[in-house]
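Here is the structure we will look at.
Remember, it's 1-based here, ligands and their atoms both numbered in the order they're listed. If you read the sequence from its start, that first residue is 1, and numbering goes on from there.
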Amino acid sequence: MEKTVKSSITFRDFDLSNEVLKAVSAMGFEEPTPIQEKTIPVLLSGKDVIGQAQTGTGKTAAFGIPIIEKVDRSVHGVQALILAPTRELAIQAAEEMNKIGQYKRIQAIPVYGGTSIERQIKALQKGVQVVVGTPGRVLDHIERKTLSLKNVSIAVLDEADEMLDMGFVDDITRIMNETPASRQTLLFSATMPEAILRISKRYMKTPEKIRIASDALTAPKINQIFYEVRNDAKVDALSRLIDADDGGVFLVFCHTKREVDEVASHLKLRGYEADAMHGDFTQAQREAVLKKFKNSRIDVLVATDVAARGLDISNISHVVNYSIPQNPESYVHRIGRTGRAGREGVAITFVTPREEKQLRLIMSVSKATIKRGKLPSKEEVMISRFSNLKVKIDEFIDDKKFDRFLSLAGRLTEEVEPMSAIAALLKFQLEGVGNPETAHESNREEISLDDTGAAPGMARLFMTIGKEQNIKAGDIINAITRKANIPKQAIKGINIFDTFTFVEVPRDAAEQVIEFMHQSIISGRKIAVAPAKPRAGGDSGRSRRR
Ligand code: AMP
């Protein structure tokens, strides 16, 4: 029997407006994380909160959702101020607030040092409801009188321990003194040293302390590895790990539905037998995907925690935490899906530099030993695939299961020298990342050619070949003109990245180009070609990589 994580709370259980609920759903959140479950109702009730949570737990939305809910568009001036230790965090938090506020049309802007203050002044003058800033720059704006905090009704000290470590105490004091004493105050911190408690006493009114108690946990004794990977390098890292383990069965966990869709479609485009599963799937769709997974027609399933809950699958060799679990329980639950039935299992966790604290928490609560791993190089992937292939070839030879191919082999070696023939076959079989040979027609069906983010009258195509294969714009143009028979001048906007390329072709010729180019060979490499995802909003996985 599956052990299920119990949590039946949904965002609808909170007293939230339709606009905020719609935004949360559009962001791909299926259910509140533990810190959100506890924090959102308390903040909505108007109380001050001290939350012990770090990056990766969903803490930004834990305060972001109630803030957006409370902010009133018709009131003039900044109503919510969030202080964050770094520029990166300020940008991320402002982005998240803007997403939550997209239907209520609430605007958040980040203000941070090291960049033009004039642009920030202009943005502030336009009138925003939420400001997310680093203390130094916020103070700078206060002193220049380009930011007034007299209408602030909610102030947040995010990553308070880091702000203190960075010596921002005086700045924080001066900033808080600019806000009305009647404000609601929130403080989030990964750790709770004495200094933080002192600050909380100074600024908060009988705050409620929220921390997610962790039951005693024991992670299963399987091989647990983490890789430090930036967000934009995760698809490549995952591809390499899949390549290195021929025959592996991967269950990949992402936080959001949107991320699940993105990761699955990237993998499909790179030729992997992958599919997605999340809360928007009907029961029939879930069952269809599950059946494919169980029948080994797909060997990578990308899912949210919610979708994977209660799945009864026993042959998973690798669990991948593509996004770091939002709490140790979730980690233990996720990785418990591998290493079943006496098989060896591997649990892989991708950790961005900012998420190291969350990793440490997971390790200490779950008493897990998670070793740092180094991603295999392309050469190592190749050697590993070759070793696996060699084992299979030896088995075939022992079983003599290849009789009917002998005559074909004879035909091949009449024209080509045997060593070259074998080398060519090995190249087809082993050439790693994005092995597009196996890309199926069905993998391309969802993206419309009318929605690729191309110039009017054009369609933007994505192809799995790039700088790493030494490809040049001329090679792409020649291949398209030759294979799909369209004039050179009609091909525009070629953008070559490390492992993939975008190219724009006339919309009415696009189907033909895909037809001729998909699975064709450019510079000795078989490629997959598909309509690109639209760039609008800048939030598709592919455009983020740009
Ligand atoms: P944070 O701890 O705020 O840095 O959030 C970590 C990541 O989790 C961010 O990418 C959020 O967008 C995502 N996230 C936050 N809340 C949820 C949720 N309820 N469900 C899924 N993902 C979430």
Side-chain angles (χ1 to χ4, degrees), residues 5 7-14 16 20-41 43 51-68 82 84-86 88-102 108 110 132 156 158-160 162 186 188-190 210-212 229-232 234 253-263 278-280 302-309 321-331 334 349-359 361-362 539 541 544:
V5 174
S7 170
S8 44
I9 295 264
T10 71
F11 284 105
R12 296 202 166 273
D13 294 323
F14 304 131
L16 295 172
V20 170
L21 285 173
K22 198 168 148 196
V24 166
S25 160
M27 288 164 81
F29 297 179
E30 292 184 317
E31 61 176 15
T33 65
I35 189 79
Q36 290 163 3
E37 196 177 314
K38 288 205 174 173
T39 313
I40 292 174
L43 292 183
Q52 187 160 5
Q54 50 255 308
T55 297
T57 54
K59 71 171 165 62
T60 315
F63 61 75
I65 290 172
I67 287 180
I68 297 295
I82 296 143
T86 63
E88 189 202 12
L89 192 69
I91 295 174
Q92 268 174 19
E95 268 177 10
E96 187 123 331
M97 305 290 282
N98 277 321
K99 284 187 193 155
I100 302 169
Q102 61 186 307
V132 190
V156 184
D158 192 11
E159 306 214 344
E162 292 217 7
L186 329 176
F188 283 81
S189 190
I210 298 184
R211 74 179 286 207
I212 306 304
V229 190
R230 289 191 329 269
N231 274 325
D232 60 356
K234 284 185 178 178
F253 284 100
C254 301
H255 284 157
T256 65
K257 295 183 265 189
R258 198 190 252 192
E259 199 172 29
V260 163
D261 284 335
E262 278 176 17
V263 173
H278 56 62
D280 283 354
V302 189
T304 54
D305 291 280
V306 174
R309 197 171 291 162
N321 295 308
Y322 191 90
S323 346
I324 194 162
Q326 282 151 329
N327 55 82
E329 288 79 1
S330 157
Y331 177 80
R334 284 178 178 187
T349 304
F350 288 166
V351 182
T352 63
R354 290 203 62 78
E355 290 165 346
E356 276 196 4
K357 270 194 193 151
Q358 175 71 354
L359 179 76
L361 176 85
I362 290 174
D539 58 359
R544 217 179 303 139

Revision key, fill the gap. Chain-and-number sorted residues having a heavy-atom contact under 4.0 Å with ligand 1 are F11, F29, E31, P32, T33, Q36, Q54, T55, G56, T57, G58, K59, T60, E96, H255, T256, Q326
Review point. Can you list the residues that meet the side chain to side chain contact (heavy atoms under 4.5 Å, CB included) rule with T39, with sequence neighbours excluded?
Key: I35, L43, V49, A62, F188, I210
Practice item. Would you please test E259 and K234 for salt bridge (Lys or Arg N to Asp or Glu O under 4.0 Å) and show each step? Key: CA-CA 12 Å; E259 199 172 29; K234 284 185 178 178; 5.1 Å; no
Check your understanding: Between the main-chain N or O of R258 and the side-chain N or O of D261, is there a donor-acceptor pair closer than 3.5 Å?
Key -> no
Exercise for review: Using only heavy-atom distances, determine whether the side chains of T60 and E96 contain a donor-acceptor pair under 3.5 Å.
Suggested key: no
Practice item. Show the numbers, then the answer: is there a salt bridge (Lys or Arg N to Asp or Glu O under 4.0 Å) between E159 and R354? Key: CA-CA 11 Å; E159 306 214 344; R354 290 203 62 78; 2.7 Å; yes
**Study point:** Backbone N/O of K22 and side chain of Q102: donor-acceptor pair under 3.5 Å
**Key:** no
